[in-house]
Amino acid sequence: MSATTLVCCRSCSRAFMVRASEVVGPAVLVQPDPAPAVSACFRADLAQIGPMRIKVREALASETPPGEITVCGWVRTRRDAKGFSFVEINDGSCLRNLQAVVDHAVPGAEGIASVLTGASVAVEGRLVPSPAKGQRWELQATAFRLLGEADATFPLQKKGHTAEFLRSIPHLRARTNRIGSTLRVRSRLAMAVHEFFQARGFAYVHTPVITASDCEGAGELFRVTTLDLGAPPRGADGAVDWAADFFARQAFLTVSGQLEAETLACALGDVYTFGPTFRAENSQTSRHASEFWMIEPEMAFCDLAGDMDCAEALVKHLVRAALERCPEELEFFNAYVDKGLLERLRLVAERPFARITYGEAVALLQASGRAFEYPVAWGENLQSEHERWLTEEHFRGPVTVRDYPAAAKPFYMRQNDDGRTVAAMDVLVPGVGEIVGGSQREERPERLAAAMKAHGLDLESYRWYLDLRRYGTVPHAGFGLGFERMLMFVTGEANIRDVTAFPRTPGHA
RNA sequence: UGCCUGGUAGCUCAGCGGUAGAGCAGGUGACUGUUAAUCACUUGGUCGCAGGUUCGAUCCCUGCCCAGGCAGCCA
């Protein structure tokens with residue numbers, strides 16, 4: 001066990017305990033934990049698969065030939081030569097394929113002419129240095145087995161496909177370089193989210209997916225019911241009798257775990273949620289989904305400045321994690337999806353985010369000389385075009401905007417002393433727009449109750465929320481990071497449907 | 001939900017008021033330590049659906065369906 005020490009994050013001022021070995025100078029090096037070079041293979045039928053199965057990722061990373069091995073995967077392409085064939089195999093463990101050289105005389109190779117793109121195969125053999133360019137190792141086959149054929153109707157070709165076409169085959173598109181890469185990045189960034197918070201002493205909490213509160217946020221909610229929609233029980237006034245429903249009241253899918261996270265932050269200190277969220281809005285854009293994953297930290301004894309520090313540190317941590325642990329995938333995206341991706345991500349990882357107030361943003365926009373479609377005036381919402389100008393043209397990088405007009409924001413945000421703004425902040429990034437939205441929460445009971453009344457809320461149904469201020473109230477703050485939007489930013493994908501394996505959007509489930 | 005663009009072969013697309021084209025994929029053959037292999041030949045389409053205009057519609061018009069982009073709502 002190495003000694004722990006109290007340090008401050010290099011990006012945010014929050015203190016936390018880390019192992020001494022992780023400390024570099026006055027700051028913390030968050031220890032990169034590269035995806036393992038050796039990945040376990042669990043075999044179902046050794047007799048059928050063959051000896052010592054290893055994954056393509058491991059095979060390609062070999063320093064010395066590992067001896068007799070078996071590689072299982074799906075054929076990406078087959079090229080025939082006189083007396084033997086080249087078969088490129090991908091097993092999803094990494095972006096690259098393993099080239100197998102299959103002599104037509106080896107057992108099982110008789111029918112290799114019918115092995116088309118998409119077929120599943122198991123190839124036994126030895127890794128040998130490849131005499132040709134393009135790969136370090138290749139698999140010299142000693143036995144070949146076709147596990148499952150794929151005929152000419154298999155829709156994926158060696159050529160590039162449009163994202164639109166791939167969306168029409170969600171059950172097969174994960175076998176492509178593009179979708180497979182987004183899913184590998186997604187997996188590793190999910191892990192990095194937990195590392196970030198766990199290293200800082202946050203507790204991972206699970207807030208309910210089903211909620212009885214219908215006013216959590218501005219969003220529209222999906223109803224959860226077991227009533228017969230054709231003939232629901234009705235009261236004397238003809239209205240649906242929700243008391244007869246499963247939860248004895250109306251119930252919905254959550255649009256945010258924030259309010260529950262606040263109660264847990266006011267007990268555990270620093271907490272975060274990471275789970276699915278549902279919005280029933282009929283949003284028809286490239287960056288909205290009806291079901292998406294959101295990361296929502298909530299920190300007790302924290303103000304808006306700490307909130308912004310945490311959000312910036314998290315975004316940077318995830319960008320660095322992607323650069324360090326998914327280099328091949330990011331190279332791929334940089335080459336085929338978004339030419340400027342790597343340069344942009346490296347800048348984001350290094351430079352501090354710009355920070356301005358809403359009022360300063362309005363002034364910048366007004367001074368830009370740009371003719372915007374929507375008016376720029378204090379009190380008006382920042383529109384997409386305004387956010388794009390700020391991040392893509394003016395700052396050319398992420399911007400954190402804070403202190404928004406109170407009238408445009410929810411009841412729970414802390415009122416600033418100027419009487420007209422609240423301690424809210426959004427992190428805007430190029431290409432995606434709003435990736436983080438958060439605030440310091442109103443911890444003063446009278447102010448909160450007044451704001452709830454002003455928003456037309458029933459105080460009685462929020463008694464528990466007011467109790468947090470009634471008993472031991474503390475300054476606290478938090479935010480929501482859209483996980484898919486983060487993935488869009490990191491991969492350069494322009495559509496949220498392409499960073500989600502099975503996207504749910506209006507009209508599609 | 002509003003505005004815009006599109007729907008032609010399995011995929012990516014061209015085309016045109018007069019009876020359908022290419023590349024790739026598939027098939028056959030040749031050639032080859034290939035790597036988006038190459039070369040030759042070849043299979044394959046009621047041109048999104050329904051009406052209308054016309055001697056004749058894949059093309060023009062209307063409606064509908066679907067997809068994409070932008071906007072609003074937000075993560």
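Each chain gets a letter, A, B and so on, in the order its sequence line appears, and its residues count up from 1. Side chains are part of it too, since the values below use all heavy atoms of this structure and drop only hydrogens, waters and symmetry mates.
With hydrogens and angles left out, the side chain of Gln284(A) and the base of U1(B) share no donor-acceptor pair within 3.5 Å. Residue side chain Gln135(A) reaches the base of U34(B) through a donor-acceptor N/O pair under 3.5 Å, judged by distance alone. Looking at Arg167(A), its side chain has no donor and acceptor atom pair within 3.5 Å of the base of A67(B). Evaluation of atom-type donor-acceptor distances gives no pair under 3.5 Å for the side chain of His161(A) against the base of C11(B). At a cut-off of 3.5 angstrom, counting only N and O atoms as typed in the model, there is no donor on one side facing an acceptor on the other between the side-chain of Gln157(A) and the base of U12(B). Side-chain to base pairing of Arg388(A) with C70(B): no donor and acceptor N or O lie closer than 3.5 Å to each other. In terms of polar N and O atoms assigned as donor or acceptor, the side chain of Ser283(A) comes within less than 3.5 Å of the base of C73(B) in a complementary pairing.
Across all strands shown, Phe165(A) has heavy atoms under 4.0 Å from sugar-phosphate atoms exclusively, and none from any base. Using a 4.0 Å heavy-atom distance criterion, Asn381(A) is classed as a sugar-phosphate-only contact. Using a 4.0 Å heavy-atom distance criterion, Ser286(A) is classed as a sugar-phosphate-only contact. Residue Leu481(A) is out of contact with every strand shown, counting any heavy-atom pair closer than 4.0 Å. If you check every strand for non-hydrogen atoms under 4.0 Å, Asp80(A) touches a base. As judged by a 4.0 angstrom heavy-atom cut-off over every strand, Thr162(A) is placed among residues touching the sugar-phosphate backbone only. Residue contacts for Pro155(A): at a heavy-atom cut-off of 4.0 Å it reaches no nucleic acid atom on any strand shown.
When each of Lys82(A) and Glu88(A) is assigned the nucleotide of RNA chain B bearing its nearest heavy atom, the one mapping closer to the 5' terminus is Lys82(A). Heavy-atom distances to RNA chain B give each of Ser290(A) and Arg497(A) a nearest nucleotide, and the one nearer the 5′ end belongs to Arg497(A).
With Asp498(A) contributing its side chain and Ile179(A) its backbone, the two residues share no donor-acceptor pair below 3.5 Å. Without hydrogens or angle criteria, Glu434(A) side chain to Asp426(A) main chain gives no donor-acceptor distance under 3.5 Å.
No aromatic stack links Phe84(A) and the base of G33(B), using centre distance under 5.5 Å and interplanar angle under 30°.
Taking a pair to require two hydrogen-bonding distances under 3.5 Å in either a Watson-Crick or a G-U wobble arrangement, U38(B) pairs with A30(B). Here G63(B) sits opposite C49(B) as a Watson-Crick or G-U wobble pair (both hydrogen-bonding atom distances under 3.5 Å). When both distances must be under 3.5 Å, the Watson-Crick or G-U wobble mate of U1(B) is A71(B). Pairing for G23(B) is with C11(B), a Watson-Crick or G-U wobble pair whose two hydrogen-bonding atom distances lie under 3.5 Å. When both distances must be under 3.5 Å, the Watson-Crick or G-U wobble mate of U54(B) does not exist.
Regarding contacts with the backbone of C11(B), every side-chain N or O of Arg173(A) stays at 4.0 angstrom or more from both OP1 and OP2.
As rounded to whole Å, 19 Å separates atom P of G10(B) from atom CD of Glu164(A).
Just one residue in the list Val56(A), Ile54(A), Leu60(A) forms a side-chain contact (heavy atoms from CB on, under 4.5 Å) with Glu58(A), and that residue is Ile54(A).
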